[in-house]
Amino acid sequence: MTKIDVTDMDLNLLTAFQALMQDRNVTRAGLRLGLSQSSMSHALTRLRKLTGDPLFVRLPGGMEPTPYALQIDTPIREGLALMQAGLNRVTHFDPATTDRTFQLLLSDIGELVYLPQLIVRLSQIAPGANLRVLQLPRESYRDAFIAGNADLAMGFLPSLQAGFYQQRLFDDSYVCLARADHPRVGKRLTLKQFAAESHVLIEPAGSRYSHASAQHSTTSLIERYLASKNMKRRIALRVPHFMVVPSIVQQTDLLAIVPSYVMAYMKPMPGLKTLPLPIDVPRFEVKQFWHERSHQDPANQWLRKVVAELFLQ
DNA sequence: GGAAGTTGCCTCGGGAAACA
DNA sequence: TGTTTCCCGAGGCAACTTCC
């Protein structure tokens, strides 16, 4: 018996074989496949050459399969059925039964704001779904999406504006955070006071070196504004995470600029106060971002819908 | 003799190589 | 890089063969 290399095999020959097994007649098998009788016969000849077996012999009852043909019938039939099912697979996502792990790119502010609501919602409608939060440098977000290591990113991410699908969730503005009993800052903050005080700056990993982030950051906007007034503020502390900021501000005279929506989660924290910025900083858009590769993925579509239902304003 | 399978030859289309 | 030429395989036509 000839050893068959699958790379030599034409898929059409397997369908011809299957048709012959069903009809036991070259003419009818050809009709079934839309081929002439002679084309079917040629196909059978090629199959015979490939397998080294006559496969079908002409007997009074029709074209009877050889023992070898009977032996390979089942694997060929099952293989073709498997391919057919695979090619016609209906992409369907059922949140009630899924055990999929969704990978989110979030800052620690994002974790604080989005995760609790998202987890609660998922436990209600997709109890088997899991979340994995990745805190990566902003400059790595794009690569994480391209590599398939991230499903969704949420936040104010100017570096992801181009080449990504995005949906605006809400607008927000910045406020100034200070300790409640700050010796020099009362209920209002003047520009002169703002520039004179020392500051703690939240500088997420990667944002410092990202051109897009640097161009759009509130920090650079404030620095340019102060420079236009011949003023400059002192950044006494730079931290990569937001979480430590309230505690630091609470125990020092440092000021911090934070998104106003985050303060909704800071209210229970005593010893802090928020003040309007003395500078007219443009509002910013918080969005969800996703890559083209997951745009049509039903699971990803479902997750984006859940996020929009929770946070779209 | 008719039905059905086999085979030689032809056309057509696609891929590879050669060439301007 | 685009065009032409050559080669190969698939499929169809028609003649031939085989079998009942």
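Side-chain atoms are counted along with the backbone in the values below, which use heavy atoms only and exclude waters and symmetry mates. Each chain gets a letter, A, B and so on, in the order the sequences are listed, and its residues count up from 1.
- Summarising the geometry, the separation between CZ on A:Arg28 and C1' on B:dA3 is reported as 11 Å, rounded to the nearest angstrom.
- A:Glu64 places its CD atom 15 Å from the C1' atom of B:dA4, with the value rounded to the nearest Å.
- Taking the six-membered ring where tryptophan is involved, the planes of A:Phe194 and A:His199 are perpendicular, since the angle between them exceeds 60° and thus also 30°.
- Look at A:Ser41 and you won't find any side-chain N or O under 4.0 angstrom from OP1 or OP2 of B:dT7.
- The interatomic distance linking A:Leu20 (CG) with B:dG5 (P) rounds to 9 Å, in whole Å.
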Inset, instruction - Let me see the working for A:Met231 and A:Leu191 under side-chain contact (heavy atoms from CB on, under 4.5 Å), right down to the final yes or no. - result: CA-CA 9 Å; A:Met231 303 170 91; A:Leu191 180 61; 4.0 Å; yes
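- Between the CZ atom of A:Arg24 and the P atom of B:dG5 there is a distance of 13 Å, rounded to whole Å.
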Validation: residues 150-157 of chain A side-chain donor-acceptor distances under 3.5 Å, sequence neighbours left out:
| from | atom 1 | to | atom 2 | distance (Å) |
| --- | --- | --- | --- | --- |
| A:Asp151 | OD1 | A:Arg100 | NH2 | 2.9 |
| A:Asp151 | OD2 | A:Gln103 | N | 2.7 |

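- Per the geometry, CZ belonging to A:Phe56 stands 11 Å off P belonging to B:dG5, to the nearest Å.
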Inset, instruction - Report, as a single string ordered 5' to 3', how protein heavy atoms within less than 4.0 Å touch nucleotides 8-17 of chain C: B base, S sugar-phosphate only, - not at all. - result: --SSBBB---
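- The aromatic rings of A:Phe102 and A:Phe93 sit perpendicular, their planes meeting at an angle over 60°, well past the 30° parallel limit.
- Interatomic distance, CE of A:Met243 versus CD1 of A:Ile248, reported as 13.0 Å (0.5 Å rounding).
- Taking SG of A:Cys176 as the start and CD of A:Glu197 as the end, the distance is 9.0 Å to the nearest 0.5 Å.
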